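For clarity, every value in this text was computed on a predicted model and none was experimentally measured. Counting convention: from 1, in listed order, for ligands and their atoms alike.
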Amino acid sequence: MKPIVSKDSIVYFNQECYSALNAYLEKVNHSKICILVDSNTHENCLPYFMSKIEKEYDIEIIEIEAGEIHKNIETCSGIWSALAELGFDRKGLMINLGGGVVTDLGGFIACTYKRGINYINVPTSLLAMVDASVGGKTGVDLGNLKNMVGVISESEMVLVDTEFLGTLPVEQMCSGFAEMLKHGLIQDREYWEKLSDLSKLELEDLDQMIYDSVIIKNNIVFEDPTEQNIRKYLNFGHTLGHAIESFYLTHPEKPTLLHGEAIAIGMIMEAYISSKLLSVTPNELQQISDVILATFPKVDINPVDYQQISQLLIHDKKNEKGNILFVLLTTIGDAKYNCKVPDELILQAFEYYSSL
Ligand code: NAD
Ligand code: ZN
């Protein structure tokens, strides 16, 4: 699989990752290397990854606890201090070996520690492979508000090795699948149709589907790295999805929702809004809802919570001058950004989802 080149980074696939990594490590003389892992990737991914590094380097392992609730500034603070205590200077290298939490948080640490050191993303979850590790968005949550603090700055390289997926729990695979569906919905009808027909998808197809997803994301980010225009498409499903994710994150009495599971709900609701405001047809809406619900069982959102979830929308980063702006679909495979949505339609979208 040919590497995918972006503005300041390059994405390698499978075994090519390691020749690229070893060549890079040899070429750039880093004073120290830190590999950031979480408790799961420490156990499941680190031994394999270490076995691929050919020469001896001064490597420190830093482990964080797994889970979105640890993607916060307190965790960063601990790591910044650890790096300082370990004597990391500006020639240090950070390798983020994990899911989107590790790549988002590790990228943010690398971009801010001593005003920025080099970093490499090695995504180990499907979601991080197809989305989080590509495109240079880094950051952490602030309380229950998602990705409120962060910077955009690309990694030196991204190493996508699908071997890591062997130990990924099935619900996490589904969570990543949500972002792949999103890529089809916003940009590529043919890709969406391939993904939709899950019965025809073989495991051998997965590598190609991941590759195609990275191409879609990379093409968008390449054209608009700082999200002035088309990068906003990638937020489809995320306006309501993030609000739902934040709400469930801070209500431990309710079931836990993974990022992709919340985005799946968000995509159905925003497809509904698209059918009311733009040209998504009833058939397309039905197809989107059916395909998503075939992978993501329905979540019973209590109608008394609709209001509280909607209030979280005011913190959405796409908002401008107090307007909540959505990305909507014009059809399957094409999107439009900066769409204003009346409050009552948001409420109707909750009702539509609950009626399915
Ligand atoms: P995650 O990092 O929490 O990983 C999910 C779980 O899988 C964790 O428990 C992790 O320890 C475990 N895991 C990861 N790889 C494993 C492996 N190979 N074997 C066994 N267990 C493994 O979450 P995620 O779903 O990967 O990513 C979600 C995060 O990504 C969210 O914080 C979201 O905001 C962020 N995100 C960022 C971008 C971006 O552009 N920066 C895009 C999409 C999502
Ligand atoms: Zn996402």
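Defined by atom type and a distance below 3.5 Å, a donor-acceptor pair is present between the side-chain atoms of His183 and Ser213. In the model, Thr162 has a side-chain atom that pairs as donor or acceptor with a side-chain atom of Asp207 under 3.5 Å. With hydrogens and angles left out, the side-chain atoms of Asp161 and Tyr18 include a donor and acceptor closer than 3.5 Å. Judged purely by distance below 3.5 Å, without hydrogens or angles, the side chains of Asp212 and Gln208 pair a donor atom with an acceptor atom. Between the side chains of Tyr24 and Glu156, at least one donor N or O sits under 3.5 Å from an acceptor N or O. If you check the side chains of Tyr352 and Ser275, you find no donor sitting under 3.5 Å from an acceptor. Looking at Asn147 and Lys71, their side chains do bring a donor and an acceptor atom within 3.5 Å of each other. Using modelled atom types, one finds no donor on one side chain facing an acceptor on the other under 3.5 Å when comparing Asn72 with Asp141.
Shortest contact from atom 26 (O) of ligand 1 to any protein heavy atom: Ser125 OG, 2.5 Å. Of all protein heavy atoms, the one closest to atom 16 (C) of ligand 1 is Leu168 CD1, 3.4 Å. Looking only at heavy atoms of the protein, atom 14 (C) of ligand 1 is closest to Thr124 OG1, 3.5 Å. Here the protein heavy atom with the shortest distance to atom 38 (C) of ligand 1 is Ala132 CA, 3.3 Å. Closest to atom 18 (N) of ligand 1 among all protein heavy atoms lies Phe164 O, 2.9 Å. The protein heavy-atom contact nearest to atom 24 (P) of ligand 1 is Gly100 N, 3.5 Å. Protein heavy atom in closest approach to atom 31 (C) of ligand 1: Glu68 OE1, 3.1 Å. For atom 34 (O) of ligand 1, the closest non-hydrogen atom on the protein side is Lys146 NZ, 2.8 Å.
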For Gln187 and Tyr233: C-alpha separation, side-chain torsions, deciding distance, then whether side chain to side chain donor-acceptor pair (under 3.5 Å) applies. CA-CA 8 Å; Gln187 200 74 4; Tyr233 291 163; over 6 Å; no
Report the C-alpha separation of Asn219 and Glu223 in whole Å, then their side-chain angles, then the decisive distance to 0.1 Å, and conclude whether the side chain to side chain donor-acceptor pair (under 3.5 Å) test is met. CA-CA 6 Å; Asn219 284 346; Glu223 230 179 278; over 6 Å; no
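Taken to the nearest 0.5 Å, the OG1 atom of Thr41 stands 5.0 Å off from the CG atom of Leu97. To the nearest 0.5 angstrom, Phe350 atom CZ is 5.5 Å from Ile301 atom CD1.
By the rule that hydrophobic residues join a cluster once side-chain heavy atoms approach within less than 4.5 Å of another member, Phe222 and Val134 end up as members of separate clusters.
Near Lys137, with a cut-off below 4.0 Å to any heavy atom, the atoms of ligand 1 are 40 (O), 41 (N). Here is the list of ligand 1 atoms found below 4.0 Å of a heavy atom in Thr41: 14 (C), 15 (N). Of all atoms in ligand 1, listed by their number and element, those nearer than 4.0 Å to a heavy atom of Lys71 are 31 (C), 32 (O), 33 (C), 34 (O). Of all atoms in ligand 1, numbered sequentially from 1 with element shown, those under 4.0 Å from a heavy atom of Thr167 are 17 (C), 18 (N), 19 (N), 20 (C).
For ligand 1, one of its N or O atoms has an N or O atom of Asn40 under 3.5 Å away.
Residue contacts with ligand 1 for Asp104 involve side-chain atoms from C-beta outward but no N, CA, C or O (heavy atoms, distance under 4.0 Å). Only the side chain of Asp38 comes within 4.0 Å of ligand 1, judged by heavy-atom distances. For Ala66, every heavy-atom contact with ligand 1 shorter than 4.0 Å involves the side chain, none the backbone. At a heavy-atom cutoff of 4.0 Å, ligand 1 is contacted by the side chain of Cys45 but not by its backbone. The parts of Val101 lying near ligand 1 are both backbone and side chain, judged by heavy-atom distances below 4.0 Å. If you look at Asn147 next to ligand 1, the close heavy atoms, those under 4.0 Å, all belong to the side chain. Using a 4.0 Å cut-off between heavy atoms, Gln172 contacts ligand 1 through its side chain alone, with no backbone atom that close. The part of Lys217 lying near ligand 1 is the side chain, judged by heavy-atom distances below 4.0 Å.
The option from Leu258, Leu127, Leu97, Leu126 that lies nearest to atom 28 (C) of ligand 1, judged by heavy atoms, is Leu127.
Taking the Zn ion (ligand 2) as the corner point, the angle from His238 atom NE2 to His259 atom NE2 is about 110° (rounded to 10 degrees).
Aromatic pair Phe164/Tyr48: ring centres closer than 6.0 Å.
Looking only at N/O/S atoms, Glu179 comes nearest to the Zn ion (ligand 2) through OE2.
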